[in-house]
Amino acid sequence: MSTAILEKFLIDYVEAIEGETELIDEGTYTVLYGSEPTIKTVTFEIEAAKENYQIELFLPGSIFFDSVIRDATAKGCICATYLSGFQVVTKLIQSEAMRGFSFVDHRKDGAKKIEPKIPSFHPYNFKVWTFAFKVRMTTDIIEDHLYAVSIDARTSKILKNFTEYLDKLQHLPHYEESIPDYHLQDFQRYYQTAIEYMKQKLTSLIARKKQEATDLKNKEAERIKKYYDTLNEEMEEALEKKAGDREAVAEIQAKQNAMLVQRQSALSDIEFRYRMGAGMSLVSVLVTNYPCYVSKVSVPSSMQTAEYNIIWNPLFKRFEPLVCPTCKNHSYTLNFLRSGICCQNCFKRTGS
């Protein structure tokens, strides 16, 4: 049996937890791992483990193997995909950018359109982090829900229905040529954005499930109460009939006391079964890499010179709009005024 896959898994796992592995013999490794570094020698060769009791066998069923699998599963899994299939002619998108973006210089003698020179577009690697969460709802039954949240690494914005685009594109094991990243990565910020989004999304779901559980609990409790109330009425009638028989009365009263205990036990069981519980865990992380084309444009005006990155996004087949410095909304038109730079909506609101 080939153990190459298991060996790669062990090496990748130890690297992921910032440990170290060293090959000391064929199929045998020294492993340094843990927050308080621990050294362990493991092997994939059964004979090597038999010959040296200090070497631990790392195969399914061994203690260390099972603990590594549990830890790796608890941490979730992360993988990357590289998209291809974009047919981009930079000269064409360069001319489209000239038509798509508008820069207007407002002077005392009137408004004049600025014609900036748009340099060549160059590819940069953009990333999208997709977090998959499992949400477990527990009442009298267990429900598992799976949610995916995709975060644009450039803007930290949530991309709607992003995973649907992935099926339409080719996937490569890696890029054929090195493409620089557009921005440094900040995993923690993206993860926090995904968590906050999930909290908002789950608020209404949890409230609805909680109400459903409460309604079922109340319905079941009413049924139990009616059942025992009927039994108690029958016992009371029996007491009236047997009022003169002390032994019969004592027997009926004992049954009543037992019935009260059963009634309380049944109601407590219902209360327990319909308790609402919700838990969320991270299942996997997918890093999607794809090249966007960027041109660094300088826009000179009578008041100031501004620089912008004009981005052609081949995944969505469009130019990314610029951000208005005044209102922070997106726009393809920017106006240069003495009071500052603003989009068309801000310009109309100010009545300039």
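Predicted, not measured: the structure shown is a model, and the values here were computed from it.
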Is it true that a side-chain atom of [X] and a backbone atom of [Y] form a donor plus acceptor pair closer than 3.5 Å?
{"X": "Gln94", "Y": "Ile118", "result": "yes"}
{"X": "Thr139", "Y": "Lys210", "result": "no"}
{"X": "Glu56", "Y": "Phe64", "result": "yes"}
{"X": "Ser295", "Y": "Pro119", "result": "yes"}
{"X": "Asp269", "Y": "Ser265", "result": "no"}
{"X": "His145", "Y": "Met137", "result": "no"}
{"X": "Ser62", "Y": "Leu57", "result": "yes"}
{"X": "Thr43", "Y": "Gly27", "result": "yes"}

Does [X] belong to the same Ile/Leu/Val/Met/Phe/Trp/Tyr cluster as [Y], with side-chain heavy atoms less than 4.5 Å apart forming each link?
{"X": "Val297", "Y": "Tyr182", "answer": "yes"}
{"X": "Leu23", "Y": "Phe9", "answer": "yes"}
{"X": "Leu92", "Y": "Ile311", "answer": "no"}
{"X": "Ile24", "Y": "Phe58", "answer": "no"}
{"X": "Trp312", "Y": "Val294", "answer": "yes"}

Practice problem: Would you please say whether a donor-acceptor pair under 3.5 Å links the side chains of Tyr13 and Asp71? | Solution: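 Yes, a side-chain donor-acceptor pair sits under 3.5 Å.
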Quiz item: Is there a donor-acceptor contact under 3.5 Å linking the side chains of Glu196 and Gln200?
Solution: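 No, no side-chain donor-acceptor pair sits under 3.5 Å.
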Got a second to check how far [X]'s [atom1] is from [Y]'s [atom2], nearest 0.5 Å?
{"X": "Leu334", "Y": "Asp105", "atom1": "CG", "atom2": "CG", "answer": "12.0 Å"}
{"X": "Ile55", "Y": "Asp25", "atom1": "CD1", "atom2": "CG", "answer": "8.0 Å"}
{"X": "Ser67", "Y": "Arg70", "atom1": "OG", "atom2": "CZ", "answer": "6.0 Å"}
{"X": "Leu282", "Y": "Met198", "atom1": "CG", "atom2": "CE", "answer": "10.5 Å"}
{"X": "Leu32", "Y": "Lys40", "atom1": "CG", "atom2": "NZ", "answer": "12.5 Å"}
{"X": "Thr305", "Y": "Ile114", "atom1": "OG1", "atom2": "CD1", "answer": "8.5 Å"}

For residues [X] and [Y], determine if any side-chain heavy atom of one lies less than 4.5 Å from a side-chain heavy atom of the other.
{"X": "Arg349", "Y": "Cys327", "answer": "yes"}
{"X": "Cys79", "Y": "Ser284", "answer": "no"}
{"X": "Leu239", "Y": "Gln256", "answer": "yes"}
{"X": "Ile341", "Y": "Gln304", "answer": "yes"}
{"X": "Asn335", "Y": "His106", "answer": "yes"}
{"X": "Leu205", "Y": "Lys209", "answer": "yes"}
{"X": "Lys8", "Y": "Ile11", "answer": "no"}
{"X": "Phe44", "Y": "Leu10", "answer": "yes"}

Heavy-atom closest pair, residues [X] and [Y]:
{"X": "Val149", "Y": "Ile151", "result": "CG1-CD1, 3.8 Å"}
{"X": "Pro123", "Y": "Ile179", "result": "O-CG2, 3.5 Å"}
{"X": "Ile141", "Y": "Glu143", "result": "CD1-OE2, 3.8 Å"}
{"X": "Ile252", "Y": "Met235", "result": "CG2-O, 3.8 Å"}
{"X": "Ala111", "Y": "Val104", "result": "CB-CG1, 3.9 Å"}
{"X": "Cys346", "Y": "Cys324", "result": "SG-SG, 3.9 Å"}

Going by the angle between their ring planes, with limits at 30° and 60°, are [X] and [Y] parallel, tilted or perpendicular?
{"X": "Phe126", "Y": "Tyr290", "result": "tilted"}
{"X": "Phe319", "Y": "Phe121", "result": "tilted"}
{"X": "Phe316", "Y": "Phe162", "result": "tilted"}

Quiz item: More than 12 non-hydrogen atoms from neighbouring residues, nucleotides or ligands closer than 6.0 Å to NZ on Lys242, yes or no?
Solution: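 Atom NZ in Lys242 is not packed in, count stays at 12 or less.
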Practice problem: May I ask you to check whether over 12 heavy atoms, not counting those of Ile46, lie within 6.0 Å of atom CD1? | Solution: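 It does not: Ile46 CD1 has 12 such atoms or fewer within range.
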Quiz item: Taking only residues two or more places apart in sequence, or in another chain, which ones meet Lys296 in a side-chain contact (heavy atoms from CB on, under 4.5 Å)?
Solution: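 Testing Lys296 for side-chain contact (heavy atoms from CB on, under 4.5 Å), a comparison that skips the adjacent residues, returns Tyr124, Asn309.
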Exercise. Can you sort out the partners of Glu251 under side-chain contact (heavy atoms from CB on, under 4.5 Å), two or more places apart, ordered by chain and number?
Key: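 Glu251 satisfies side-chain contact (heavy atoms from CB on, under 4.5 Å) with Lys255 only.
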Quiz prompt | Test log, rule side chain to side chain contact (heavy atoms under 4.5 Å, CB included), inputs Leu146 and Phe133 | solution = CA-CA 6 Å; Leu146 193 64; Phe133 294 97; over 6 Å; no
Quiz prompt | Test salt bridge (Lys or Arg N to Asp or Glu O under 4.0 Å) applied to Glu212 and Arg208, step by step | solution = CA-CA 6 Å; Glu212 289 177 2; Arg208 179 166 58 82; 3.4 Å; yes
Quiz item: Given Phe103 and Tyr308, is the side chain to side chain contact (heavy atoms under 4.5 Å, CB included) satisfied, shown in steps?
Solution: CA-CA 11 Å; Phe103 304 95; Tyr308 299 97; 4.2 Å; yes
Practice problem: Report the C-alpha separation of Gln211 and Asp215 in whole Å, then their side-chain angles, then the decisive distance to 0.1 Å, and conclude whether the side chain to side chain donor-acceptor pair (under 3.5 Å) test is met. | Solution: CA-CA 6 Å; Gln211 187 60 52; Asp215 292 343; 2.9 Å; yes
Self-check item: Pair Arg223 + Glu220, salt bridge at N-O below 4.0 Å
Solution: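 Result for this pair is yes, salt bridge flagged.
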Exercise. Give the intermediate values and the outcome of side chain to side chain contact (heavy atoms under 4.5 Å, CB included) for residues Leu202 and Val135.
Key: CA-CA 9 Å; Leu202 291 176; Val135 177; 3.7 Å; yes
Quiz item: Given Phe131, which of Tyr190, Phe187, Tyr147, Tyr197 fulfils the ring-ring contact (aromatic ring centres under 6.0 Å, His included) condition?
Solution: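 In the set Tyr190, Phe187, Tyr147, Tyr197, the residue that makes a ring-ring contact (aromatic ring centres under 6.0 Å, His included) with Phe131 is Phe187.
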Exercise. Assess whether side chain to side chain contact (heavy atoms under 4.5 Å, CB included) is satisfied between Phe65 and Val42, documenting all intermediate values.
Key: CA-CA 10 Å; Phe65 181 89; Val42 298; over 6 Å; no
